[in-house]
Amino acid sequence: MSPPTNAVRTISQEAFDELVKENMDDLGMDPAESLQDAIETLTLQGVDLSGIVTCVPGEGGVDDNPVIQCLNKLKAFPKDQNLDSVARLFENLAELCSVQVSGNAAIATKNGAVELICSLCSEIQIEQEKALVSTLKAMSSVLHDLQSTETFRASGGPSIVVNILNGGVQNLDILNSGFAVVAAAVTGNEVLKDEFMELKIDELILHALNRPGEGSIQSLYDAIRVLLTPDDNRVLASQCFPGKPLNALNKVYGYARKFAKIGIAEALVASLQTELSSPSLVSASIALKAVADEICRSIAENGGIDALLRCIDDSGEQGNKSVARVCCSLLSKVMSIISILSLRSPERAARAMEAGSGDLAIQAMQKFPAAQQMQKSACLMIRNLVARNPENRTILLNNGVEKHIRKTKQNHEFCREAATDALRDLGLDDYNS
């Protein structure tokens, strides 16, 4: 079921041009004045002018706009001609529409770009790689808002893109451009997230992550991140638990569980380990963080924590603060999950210690003293590991955890309460000092 969209007043290009002409003919305004008056009047009336070509009469018309010219050439292009020419036109369109402040993406979608690209995408063969990649790049550049993504859905875009990805799963350029379309399409559109999941995009993601050969697929990581982001809260989703509506947040948790079930966590960990010197390292880390809410255990069991620590070490040597920040955030989330699982459960706390959670807390606190949220998460996790397990207190204290907690308490007001509680639950009398 398609969600309702908020009613927005719009105007056609023809009606806009007619209003400008009326200002000139009936009110005697000069061309520049008539254009400005039309824009101001319609804006005050709440009319959405995105996608309208606003040009001064006599100084070029709509057909002189480079986006319109490009679309007109594509619409008139014979289907039996050399596709290299089509590729050049789509590359030009992608370049024009990739400049966000230009408004070109809105002009393109208002003039049928999404429908045209979907139609041509369905006709280009996998073997015609150059034309196909250019077409997909153009597609991702014009999907910029809810209206454009809904047009993409109505034009059969998800099935078209999934078919292309299935056919080109060994081609790095096709994968990069195809998953860029997926990421753009599902941004802010829960219905499209559903549709892509029904088309088994998760299995395609796993296949792409496990593909042999070198080369990063950064857009793949972006697609994972957006699929697992609850960014469309217009309505409750149509799927339900018995007697309980399932909102966007719950749905993406369901996607994450499905990702875990088929092995995407393991594939992401392996990918992270190979991306240490790659520009895609930040994207890969963010993708793993997006999955972590539901599958922290799977990540840990497959070496994810060790991989994260290596990434942070490497980022420190390279001075890459973005990578360190994302990885520390993921470590914080892992600790939070362990903390929740260990709450009032001596058995789980014992198992967590056996699995190395105590060592993780000490190592993280020692290596990253400036990461406040992670330091706080470590303190909270330590509390739950020792609250009902006196044997764990002895182990952690013998390993030197006290000095790290006290340092955190001294250096971070944000962590002071959590650090104090951790010292108290470790059995230290001077926990308030």
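Both backbone and side-chain heavy atoms feed into the values below; hydrogens, waters and symmetry mates do not.
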Worksheet item: Going by the salt bridge (charged side-chain N to carboxylate O under 4.0 Å, His left out) test, which pairs reach into residues 12-23, not counting sequence neighbours?
Response: Lys21-Asp25

Fill in: Glu91/Arg88 ion pair, N-O < 4.0 Å
no

Item to complete: Please answer whether the main-chain N or O of Ile205 pairs with a side-chain N or O of His207 as donor and acceptor at a distance below 3.5 Å.
Response: no

Practice prompt. Apply side chain to side chain donor-acceptor pair (under 3.5 Å) to the pair Asp145 and Ser148, showing each step before the final yes or no.
Written response: CA-CA 5 Å; Asp145 62 2; Ser148 60; 2.8 Å; yes

Discussion item. Could you go through Leu385 and Ser357, starting from their C-alpha distance and side-chain angles, then the distance that decides it, and tell me whether this counts as side-chain contact (heavy atoms from CB on, under 4.5 Å)?
Written reply: CA-CA 9 Å; Leu385 290 175; Ser357 296; 4.1 Å; yes

Discussion item. Give me the atom names and distance for the closest heavy-atom approach of Val181 to Met139.
Written reply: CG1-CG, 3.7 Å

Worksheet item: So, the side chain of Ser155 versus the backbone of Phe152: is there a donor-acceptor pair under 3.5 Å, distance only?
Response: no

Practice prompt. Apply the side chain to side chain contact (heavy atoms under 4.5 Å, CB included) test between Val53 and each candidate in Asn65, Asn104, Asp64; give the one that qualifies.
Written response: Asn65

Worksheet item: If you take all heavy atoms of Ala87 and Ala131, which pair is closest and at what distance?
Response: CB-CA, 3.8 Å

Item to complete: Mind running salt bridge (charged side-chain N to carboxylate O under 4.0 Å, His left out) on Asp231 and Lys193 for me, showing each step along the way?
Response: CA-CA 11 Å; Asp231 56 0; Lys193 285 184 173 74; 2.7 Å; yes

Practice prompt. Could you please spell out the steps behind the side chain to side chain donor-acceptor pair (under 3.5 Å) verdict for Asp232 and Asn189?
Written response: CA-CA 6 Å; Asp232 182 355; Asn189 194 320; 5.7 Å; no

Response to the item:
For residues 360-385, the salt bridge (charged side-chain N to carboxylate O under 4.0 Å, His left out) pairs (sequence neighbours left out) are Asp313-Lys367, Arg383-Asp421, Arg383-Asp425

Worksheet item: Atom CD in Glu413, atom CD in Glu417: separation rounded to 0.5 Å?
Response: 10.0 Å

Discussion item. Working note: Glu129 + Asn171, criterion side chain to side chain donor-acceptor pair (under 3.5 Å); need CA distance, chi angles, decisive distance, verdict.
Written reply: CA-CA 9 Å; Glu129 176 190 338; Asn171 187 302; 3.1 Å; yes

Fill in: Contacts of type side chain to side chain contact (heavy atoms under 4.5 Å, CB included), residue Thr43, not counting sequence neighbours
Ile39, Leu49

